[in-house]
J.: 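Please find one structure pasted underneath; my questions will follow.
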Protein chains: 4
Amino acid sequence: MPEDKRQLILEASVRVFARKGYHTSRVGDIAEEAGVAHGLLYHYFKSKEELLETIFRNTWTLMLDTIRGVESLDDPSRETLRKVAAIVLRAWRDTPDIVRVLVREVTRSPHLQQEIGEIEQAFAALERVIRKGQESGEFRDGVDPRFASFIFYGALEEILTGWVMGQLPDTEEDVRIAERTIVEMLCDGLLSAAPVRA
Amino acid sequence: MPEDKRQLILEASVRVFARKGYHTSRVGDIAEEAGVAHGLLYHYFKSKEELLETIFRNTWTLMLDTIRGVESLDDPSRETLRKVAAIVLRAWRDTPDIVRVLVREVTRSPHLQQEIGEIEQAFAALERVIRKGQESGEFRDGVDPRFASFIFYGALEEILTGWVMGQLPDTEEDVRIAERTIVEMLCDGLLSAAPVRA
Amino acid sequence: MPEDKRQLILEASVRVFARKGYHTSRVGDIAEEAGVAHGLLYHYFKSKEELLETIFRNTWTLMLDTIRGVESLDDPSRETLRKVAAIVLRAWRDTPDIVRVLVREVTRSPHLQQEIGEIEQAFAALERVIRKGQESGEFRDGVDPRFASFIFYGALEEILTGWVMGQLPDTEEDVRIAERTIVEMLCDGLLSAAPVRA
Amino acid sequence: MPEDKRQLILEASVRVFARKGYHTSRVGDIAEEAGVAHGLLYHYFKSKEELLETIFRNTWTLMLDTIRGVESLDDPSRETLRKVAAIVLRAWRDTPDIVRVLVREVTRSPHLQQEIGEIEQAFAALERVIRKGQESGEFRDGVDPRFASFIFYGALEEILTGWVMGQLPDTEEDVRIAERTIVEMLCDGLLSAAPVRA
DNA sequence: GATGAATGAGATTTCATTCAT
DNA sequence: AATGAATGAAATCTCATTCAT
């Protein structure tokens, strides 16, 4: 049975990292979780760190492709942002362990973060969406698109973090509420009276 | 005055954690940075972890007090949020290393699970501000205040992260732009045409 | 013809051992050098050690036979020693990698303790030549033939080592000089005035 | 009791390397032999390899100094060579474990050998002695001094090797015989009739 | 014959922490 | 208070060898 051991090990590492954190996870734990000898791990991956790197890269590549797909639909900008929010937030219900690992480790690995251009590209994509919204007149000028993209991404990530840390409720209904809240807040604003627009 | 060396070590640990991350920092690095023998560290602190805990508690308490101070001024809610954003973002220029450590290590560290209680209080304060704004009619209903507080916090944190990682410009002027962008985006919204408010 | 691959592996191992030394060479290196899967190696050889053993035995046997051939010619002893020196030293130009391995690994390897019996035979042959020279009156008495054989062998080996390590020049002309130097020095001596012989 | 643990470890490593060979010796063996925790080894030495390197360098430095001392006495060249031979050969009785390690490992560590300029300097010293003998007329011309120094050194090393491998007798009397044999053979030659000198 | 995935014993090294001085 | 030698648990990684295909 030629089950793909490489994939087996990779998925095991996601579960173990999610459970114990990267630094606290031992290579032996991962091998045990995968049901293979620990030596095999080094047949497929150069090091423990390469596992984490692979998880990062795989996920971000996928995420980026999806975002680009959404971008190319040419929806109104608000709708594009909503779809992006939906994709990111629903990852929590689809692959919670991966989200756990990313949320907990990504920020703490300055080394990794730099190597992974995908993250930067995600910001760039968000920035494009916002800038395009401004050019079309749907979004107002005067908001810096670069900072805005960070704000949007930070909002998404913090909600994921809240779920990971168990600080926020996360039923399916909650996920929908979170999605709507982000879009309404960032696009429509908190204020009840519309501000005077220049 | 024995507090001297203790403080020396603590400040050294902030710099080292900021530079290399908690897990990657060795006790010897901190001692070297402080210019003392590594044994001395254990005279003042129980363990390496206690250092991180101390950094967190010192800063977080201060931050929390400042936020509560702002809260008690009874400004309009939008103005309160602006002041909170200003305090947090300006900390970057004043004590960037501490910000680095808090952003990277503390908020999402399983080490400090017990500290989550104190982190929670920050979210609770933000939530109060938003809820109060809704009750006074300044903010519209229909936005979940709990999620909104996470969004606000996440926006702040991501901009700090952008600065930490060198992805965002951080001159004094930029800090002001960031502050304004956050408040405008979250309170007034991205849209150019004010939506119909129920 | 299955001997093909066997020979391929054997020759590859000579090159790899010569380049990196026995202990530092990995079985995978040898397989790669030979262009075969490393598993195949175990089809032809019991272990990594058997490779070294095989190299040794092949070469040493050949060398020993040649020396014995020279011995049986019944030349004057000085001429016999010259021919032995010539054979050994010229091997460097013909098969430098094998010489490298023999010089570096085999002669002083505890792995091949059992092979010392065969090494011993080389010394015994040299000893016989010297002793015979003494009996015929060509060489003087008073020089211990056993020690003398080691001195002769050591002289040869060190020059080979010098070539292996790049410390000595090794053009064809140099090889001839080396050969002459050894014979002159060991047979005629360094002194300009002949000592009084008892 | 401030016994020098560094020295303790170094000496233990000599014994262990002598007994089992460098590659076969485990760091734990050395620590056990020294009666310390294996971690301490890394307090004093960067790695297992640095131990071997230190042994090499210490011994060669000592040896080189001694040779230079002998050189500066300005004895007749034959006498200088005799004294050098005596120093080198007597090392076997004085510090047999060190000799064992050097004889067995030195040739097999191409890496180390290059780093240790002392070896080359020893050859240079021998070369100087021989050349000086030629210039003074004590030694005849026509023998290449560089090759001659290798021959001399090789003769010494092979006799040490014979002792290490148990192939040669090594009573005090034997050591004296070896010393005399080397000098007689290399200076006076094997021949009973003095050759015609040009 | 030939492959290379799989194994696992075992090696080196790191580093937080202790403690005698 | 201050030092840094000493400890040893624990972690990562290597690599000769086996064996199913």
Side-chain angles (χ1 to χ4, degrees), chain A residues 1-6 8-9 23-31 34-51, chain B residues 1-6 9 23-32 34-51, chain C residues 1-6 9 23-32 34-51, chain D residues 1-6 8-9 23-31 34-51:
Chain A
M1 53 191 87
E3 40 171 343
D4 192 342
K5 291 278 175 77
R6 198 193 115 100
L8 208 62
I9 290 169
H23 277 104
T24 320
S25 300
R26 284 161 299 158
V27 169
D29 297 335
I30 298 168
V36 301
H38 68 273
L40 189 58
L41 201 144
Y42 292 91
H43 192 74
Y44 292 110
F45 300 92
K46 215 173 68 252
S47 64
K48 181 182 157 188
E49 197 179 350
E50 204 187 67
L51 275 170
Chain B
M1 45 187 93
E3 281 302 296
D4 245 355
K5 287 272 172 84
R6 199 191 117 96
I9 292 169
H23 267 110
T24 319
S25 300
R26 285 159 300 164
V27 169
D29 295 334
I30 298 168
E32 194 185 13
V36 301
H38 64 273
L40 189 57
L41 204 144
Y42 289 88
H43 191 75
Y44 293 109
F45 301 92
K46 211 173 78 251
S47 67
K48 180 181 160 188
E49 194 174 346
E50 204 189 63
L51 277 168
Chain C
M1 41 188 96
E3 279 303 293
D4 244 357
K5 287 271 172 87
R6 198 192 117 97
I9 291 169
H23 267 108
T24 321
S25 300
R26 284 160 299 164
V27 169
D29 296 334
I30 298 168
E32 194 185 12
V36 301
H38 63 273
L40 188 57
L41 203 143
Y42 289 88
H43 192 76
Y44 292 109
F45 302 92
K46 210 174 76 252
S47 65
K48 179 181 159 188
E49 195 174 345
E50 204 187 64
L51 277 168
Chain D
M1 54 193 85
E3 40 170 345
D4 192 340
K5 291 280 175 74
R6 197 193 116 99
L8 208 63
I9 291 170
H23 278 103
T24 321
S25 300
R26 285 159 299 159
V27 170
D29 296 335
I30 298 169
V36 302
H38 67 272
L40 188 58
L41 202 145
Y42 291 91
H43 191 73
Y44 292 109
F45 301 92
K46 215 173 68 253
S47 64
K48 180 182 157 189
E49 197 179 351
E50 203 188 64
L51 275 170

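So you know, we letter chains A, B, ... as the sequences are listed, proteins then strands, and number each from 1. In what follows, every heavy atom counts, from backbone to side chain, and hydrogens, waters and symmetry copies are set aside.
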J.: Tell me whether the side-chain N/O atoms of C:Lys5 come closer than 4.0 Å to OP1 or OP2 in E:dG1.
T.: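 For C:Lys5, the contact criterion (side-chain N or O under 4.0 Å from OP1 or OP2 of E:dG1) is not met.
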
J.: In whole Å, what is the span from the CZ atom of D:Phe45 to the P atom of E:dT14?
T.: 15 Å

J.: Where the side chain of D:Arg26 is concerned, which of F:dT12, E:dA2, E:dT12 is the nearest nucleotide?
T.: E:dT12

J.: In whole Å, I'd like the distance from the CG atom of C:Asp29 to the C1' atom of F:dT14.
T.: 12 Å

J.: For the CG atom of D:Leu8 and the OH atom of D:Tyr44, what is their distance to the nearest 0.5 Å?
T.: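 The OH atom of D:Tyr44 is 9.5 Å from CG of D:Leu8, to the nearest 0.5 Å.
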
J.: Please report the interatomic distance CZ(C:Arg26) to CG(C:Asp29), rounded to the nearest 0.5 Å.
T.: 4.0 Å

J.: Can you name the residues that form a side chain to side chain contact (heavy atoms under 4.5 Å, CB included) with D:His23, not counting sequence neighbours?
T.: C:His23, C:Thr24

J.: Over how many whole Å does the gap from A:Glu49 atom CD to F:dT12 atom P extend?
T.: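 After rounding, the gap between these two atoms is 12 Å.
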
J.: On DNA chain E, nearest-nucleotide positions of B:Tyr42 versus C:Gly35: which is more 5'?
T.: C:Gly35

J.: Figure out the CD/P separation between C:Glu50 and F:dA16, and round it to whole Å.
T.: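 That distance rounds to 15 Å.
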
J.: Want to settle it: does A:Ser47 or D:Leu41 sit nearer the 5' end of DNA chain F, counting the closest nucleotide to each?
T.: D:Leu41

J.: Pairing of DNA chain F as dot-bracket, 5' to 3': ( ) intra-strand, [ ] crossing, | other strand, . unpaired, with Watson-Crick or G-U pairs under 3.5 Å?
T.: .||||||||||||||||||||

J.: For C:Ser25, is there any backbone N or O sitting under 3.5 Å from a side-chain donor or acceptor partner on C:Lys48?
T.: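 Yes: the side chain of C:Lys48 pairs with the backbone of C:Ser25.
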
J.: Can you identify which nucleotide, out of F:dA16, F:dT7, F:dA2, has its nearest atom closest to the D:Ala37 side chain?
T.: F:dT7

J.: Can you check the C:His23 NE2 to E:dT12 P distance for me, whole Å?
T.: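 From C:His23 NE2 to E:dT12 P: 12 Å.
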
J.: On DNA chain E, compare the nucleotides closest to A:His38 and D:Lys48; which residue's is nearer the 5' end?
T.: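 Whichever sits nearer the 5' end wins; that is A:His38.
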
J.: What residues form a side chain to side chain contact (heavy atoms under 4.5 Å, CB included) with D:Phe45, not counting sequence neighbours?
T.: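 Here the qualifying residues are D:Arg6, D:Ile9, D:Leu10, D:Glu50, D:Leu51, D:Thr54.
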
J.: Students often get this wrong, so: under 4.0 angstrom with heavy atoms, is C:Ser25 touching a base, only sugar-phosphate, or nothing?
T.: sugar-phosphate

J.: If I compare all heavy atoms of A:Ala31 with all of A:Ala37, which pair ends up nearest, and what's the gap?
T.: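 The pair with the smallest heavy-atom distance is CB-C, 4.0 Å.
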
J.: Heavy-atom nearest nucleotide on DNA chain F for D:Leu40 versus B:His43: which residue maps closer to 5'?
T.: B:His43

